[in-house]
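Working notes, structure below.
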There are 2 protein chains.
Amino acid sequence: MSHTLGIRQAQKQKTRQALLDAALRLLEEQSLSSLGLREVTRAVGVAPTAFYRHFRSTADLGVALVEEALGSLHPMIRTTVSAVDDHDERIKRAVELIARHVDAYPAHVRFIARERHGGVQPVREAIREQLARFTEEVRTELAKDPESAGWSDDDLLMLAGLYVDQMLSTASLFLETLEAPEEERRRVERLATRQLRLIGIGRSHWRDGTT
Amino acid sequence: MSHTLGIRQAQKQKTRQALLDAALRLLEEQSLSSLGLREVTRAVGVAPTAFYRHFRSTADLGVALVEEALGSLHPMIRTTVSAVDDHDERIKRAVELIARHVDAYPAHVRFIARERHGGVQPVREAIREQLARFTEEVRTELAKDPESAGWSDDDLLMLAGLYVDQMLSTASLFLETLEAPEEERRRVERLATRQLRLIGIGRSHWRDGTT
DNA sequence: CCATGCAGTTAACAACTGTTCTCCGTAAGG
DNA sequence: CCTTACGGAGAACAGTTGTTAACTGCATGG
């Protein structure tokens with residue numbers, strides 16, 4: 001349907017992306033609520049007023065960044081949580097996947113971790129929404145597992161929330177090891193693996209007390 | 001040893017505390033990295049230059065706020081994690097304790113959640129340090145429990161980290177229910193309780209596979 | 001009682017911010 | 001081909017920021 005999209009709109013999206021990229025880089029050392037619009041345009045090499053052609057405010061830009069950081073991540077979740085059925089293998093792959101994602105998009109991960117509880121309400125909301133989607137998707141995937149027999153929807157959501165929180169916590173830890181020795185990374189990898197394993201054990205004995 | 005501390009230093013600590021209080025209030029709607037020194041002094045009703053008599057910068061003030069928010073919390077941790085030996089009772093008390101703390105000091109909790117991954121490095125460091133202390137204290141307390149027989153120090157630290165993360169996550173959820181209907185608070189209470197219970201179950205079966 | 005030290009004030013600085021209005025060049029669409 | 005629409009530039013605005021300097025009043029310690 002979309003035919004090559006004229007040179008006009010192409011250039012527009014190009015500068016829009018440049019603004020997003022520059023903002024993301026600047027946000028590695030500050031929070032969104034202190035990011036100035038002039039600061040961003042200066043980094044791109046464009047007039048301050050050009051900013052308004054793309055975003056109403058820096059908060060608006062932040063919401064767009066949330067979409068960029070988390071929007072394309074949903075397919076990966078599904079395939080990972082329900083990959084193989086050997087427990088330890090699944091955990092190992094999940095941890096490796098997180099590690100690789102942090103390696104590939106450190107600025108995005110940092111942005112999400114920072115602004116999840118940050119000072120800009122619309123951005124917090126956008127992140128909360130995306131994470132709620134993740135949690136819902138994880139629950140759906142967990143429900144398919146035969147191990148979830150006898151689980152209430154509520155309990156599955158509880159477990160899914162635990163997994164999503166753990167995912168974020170692990171990503172944040174990997175972020176701190178980016179400029180640290182390889183040994184530190186290994187340590188975090190082992191820590192995250194064992195925490196996931198413990199949660200998995202709790203999961204498999206959850207219904208033990210019930211008839 | 002400290003004899004009533006002269007009227008001079010008393011007044012100084014009074015304005016210092018006023019600066020901290022004003023900053024904490026302003027930080028409910030923004031991040032530390034966007035908090036201006038003039039903004040704080042204006043809120044207190046004092047000249048901008050007076051700020052320098054107490055803090056070198058707003059980052060410095062932030063570190064002081066971390067101390068205020070977390071410094072006095074350590075004794076509470078110890079007594080809670082090792083209170084009664086009925087599992088469900090212990091969990092119930094822990095969740096209630098968190099809820100009450102969020103009720104009593106919402107701004108402090110918000111500040112910690114926000115700046116833990118925030119844009120000001122010295123503050124992140126200070127929070128990380130305090131949380132590491134918490135984790136260490138929880139581990140020490142867990143080690144006393146007979147249920148920890150056969151656990152390595154490393155595994156105990158892993159479990160303690162899980163508990164501390166869960167504590168923060170729960171506090172953050174309670175924060176969002178502050179202006180929400182009572183029903184929401186109940187929901188979070190139940191969620192946190194079941195998540196802690198699942199972790200507890202995982203804990204009690206952790207050593208099952210080992211000889 | 002008097003000299004010192006220090007919390008807080010006042011004034012001024014250059015630099016920066018978000019936003020508005022006016023303008024320009026040019027791709028797009030008839 | 002010619003008009004329109006639009007991405008971007010430029011200049012100017014009032015207001016804000018952090019930081020410096022020189023000051024004032026008063027509690028403090030000898």
Side-chain angles (χ1 to χ4, degrees), chain A residues 1-23 25-27 29-65 115 118-123, chain B residues 1-27 29-65 118-123:
Chain A
M1 45 182 115
S2 66
H3 52 35
T4 39
L5 158 106
I7 144 173
R8 193 107 198 208
Q9 301 213 1
Q11 186 59 26
K12 176 168 184 179
Q13 289 206 344
K14 204 172 179 179
T15 54
R16 185 191 135 102
Q17 191 58 45
L19 289 170
L20 287 170
D21 292 349
R25 194 173 55 84
L26 291 167
L27 285 172
E29 288 162 345
Q30 63 183 308
S31 308
L32 182 62
S33 78
S34 68
L35 182 71
L37 124 193
R38 294 184 98 109
E39 200 179 350
V40 179
T41 58
R42 192 187 312 131
V44 174
V46 85
T49 50
F51 186 91
Y52 292 105
R53 302 290 181 190
H54 303 274
F55 308 101
R56 231 171 303 221
S57 62
T58 54
D60 198 25
L61 179 149
V63 172
L65 275 179
E115 301 303 329
V120 183
Q121 202 248 359
V123 172
Chain B
M1 49 184 108
S2 67
H3 52 35
T4 40
L5 159 104
I7 145 173
R8 192 107 197 208
Q9 300 214 1
Q11 187 60 25
K12 176 167 184 180
Q13 289 206 346
K14 203 171 178 180
T15 55
R16 185 192 136 102
Q17 191 57 45
L19 288 170
L20 287 170
D21 292 350
L24 199 59
R25 194 174 56 84
L26 290 167
L27 285 172
E29 288 161 345
Q30 63 182 307
S31 307
L32 182 63
S33 79
S34 68
L35 182 70
L37 125 192
R38 295 183 97 108
E39 201 178 349
V40 179
T41 57
R42 192 186 314 129
V44 173
V46 85
T49 49
F51 186 92
Y52 292 107
R53 301 290 181 190
H54 302 275
F55 307 103
R56 229 170 306 220
S57 62
T58 54
D60 197 26
L61 180 148
V63 172
L65 275 180
V120 183
Q121 202 247 359
V123 172

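Treat the numbers as computed from the prediction; the structure is a model and nothing was measured. As a basis for the values below, the full set of heavy atoms in this structure was taken, side chains included, without hydrogen atoms, waters or symmetry mates. Just so it is clear: chains get the letters A, B, ... in the order the sequence lines come, proteins before strands, and each one is counted from 1.
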Rounded interatomic separation in angstrom, taking [atom1] from [X] and [atom2] from [N]:
{"X": "A/D60", "N": "C/dT19", "atom1": "CG", "atom2": "P", "result": "12 Å"}
{"X": "B/L37", "N": "D/dT16", "atom1": "CG", "atom2": "P", "result": "15 Å"}
{"X": "A/F55", "N": "D/dG7", "atom1": "CZ", "atom2": "P", "result": "13 Å"}
{"X": "A/Q30", "N": "C/dC16", "atom1": "CD", "atom2": "C1'", "result": "14 Å"}
{"X": "A/K12", "N": "D/dG8", "atom1": "NZ", "atom2": "C1'", "result": "11 Å"}
{"X": "B/Q9", "N": "C/dG5", "atom1": "CD", "atom2": "C1'", "result": "12 Å"}
{"X": "A/R56", "N": "C/dG18", "atom1": "CZ", "atom2": "P", "result": "17 Å"}
{"X": "A/F51", "N": "D/dG10", "atom1": "CZ", "atom2": "P", "result": "19 Å"}

Which is more 5' along DNA chain C, the nucleotide nearest B/A47 or the one nearest B/R8? Just name the residue. B/R8

By nearest nucleotide on DNA chain C, pick out whichever of A/L35 and A/R53 is the more 5' one. A/L35

Evaluation steps, side-chain contact (heavy atoms from CB on, under 4.5 Å), between B/E29 and A/Q121: CA-CA 8 Å; B/E29 288 161 345; A/Q121 202 248 359; over 6 Å; no

Nearest-neighbour nucleotide for the B/T49 side chain, C/dA28, D/dT20, C/dG8 considered: D/dT20

C/dA7, C/dG18, D/dA27: which one has an atom nearest the side-chain heavy atoms of B/I7? D/dA27

Have a look at A/S57 and say if it touches a base, only the backbone sugar-phosphate, or nothing, with a 4.0 Å heavy-atom cut-off. nothing

Which part of the nucleic acid does A/R16 contact within heavy-atom distance under 4.0 Å: base, sugar-phosphate only, or nothing? nothing

B/T15 vs C/dG8: side-chain N/O to OP1/OP2 distance below 4.0 Å: yes

Close side-chain approach of B/K12 and B/H54, heavy atoms under 4.5 Å: yes

Residue pair B/L37 / B/F55, side-chain heavy-atom distance below 4.5 Å: no

Has A/T15 got a side-chain atom pairing as donor or acceptor with A/A18's backbone, closer than 3.5 angstrom? no

Donor-acceptor check, side chain of B/S33 to backbone of A/S31, threshold 3.5 angstrom: yes or no? yes

Would you say the base of C/dT19 and the side-chain of A/R38 have a donor-acceptor pair closer than 3.5 Å? yes

For B/R42 and A/A50, find the nucleotide of DNA chain D closest to each by heavy atoms; which residue's nucleotide sits nearer the 5' end? A/A50

